[in-house]
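Below is one structure, written out as structure tokens; the observations come after it.
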Amino acid sequence: MSNEAILIIEDDPAMLRGLKDNLTFKGYKVKTAKDGESGLNEALGSKPDLILLDIMLPGINGYEICRLIRAEGL
């Protein structure tokens with residue numbers, strides 16, 4: 001089993017479920033967010049090892065999330 005934590009920020013329910021199920025099956029700890037604001041909060045709070053980030057999200061888009069996360073030094 002893997003110890004790596006992955007955060008998936010994706011607004012498409014089918015894509016989110018598919019990614020989560022496959023990564024969980026491979027042993028990763030997976031957290032999810034369905035919009036930009038909750039994704040940003042989760043990223044800053046949990047500091048995952050990897051973030052799979054959709055670009056076109058409701059609220060805050062993926063580019064802005066990436067910029068804000070980098071500004072925090074993650």
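Computed over heavy atoms, backbone and side chain alike; hydrogens, waters and symmetry mates excluded.
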Restricting to non-hydrogen atoms, name the atom on [X] and the atom on [Y] that form the minimum distance, rounded to 0.1 Å.
X: A33; Y: S38; value: CB-OG, 3.7 Å
X: A43; Y: P48; value: O-CD, 3.6 Å
X: K20; Y: I8; value: N-CD1, 3.7 Å
X: D54; Y: E10; value: OD2-OE2, 3.3 Å
X: L7; Y: G39; value: CD2-O, 3.7 Å
X: S46; Y: K31; value: CB-NZ, 4.0 Å

Query raised in the report: Do L53 and I65 come within less than 4.5 Å of each other through their side chains, counting heavy atoms only?
Result: yes
_I want to check something: taking the side chain as every heavy atom from C-beta on, are R67 and E64 in contact at a cut-off of under 4.5 Å?_
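Yes, close enough: below the 4.5 Å cut-off.
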Review point. Would L50 end up clustered with M15 when hydrophobic side chains under 4.5 Å apart are linked, directly or stepwise?
Key: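 Yes, same cluster.
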- Query: Can you get from L57 to L44 by hopping between Ile, Leu, Val, Met, Phe, Trp and Tyr side chains that sit under 4.5 Å apart?
  - Reply: yes
Query raised in the report: Stepwise, does the side-chain contact (heavy atoms from CB on, under 4.5 Å) test hold for I69 with L40?
Result: CA-CA 7 Å; I69 289 171; L40 178 60; 3.9 Å; yes
Check the pair L52, L23 against side-chain contact (heavy atoms from CB on, under 4.5 Å), reporting the backbone distance first and the verdict last. CA-CA 11 Å; L52 297 179; L23 291 168; 3.8 Å; yes
Problem - Distance (rounded to the nearest 0.5 Å) between N61 CG and C66 SG - result: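 Interatomic distance, N61 CG to C66 SG, rounded to 0.5 Å: 10.5 Å.
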The reported gap from CZ in R17 to OG1 in T32 (rounded to nearest 0.5 angstrom) is 10.5 Å
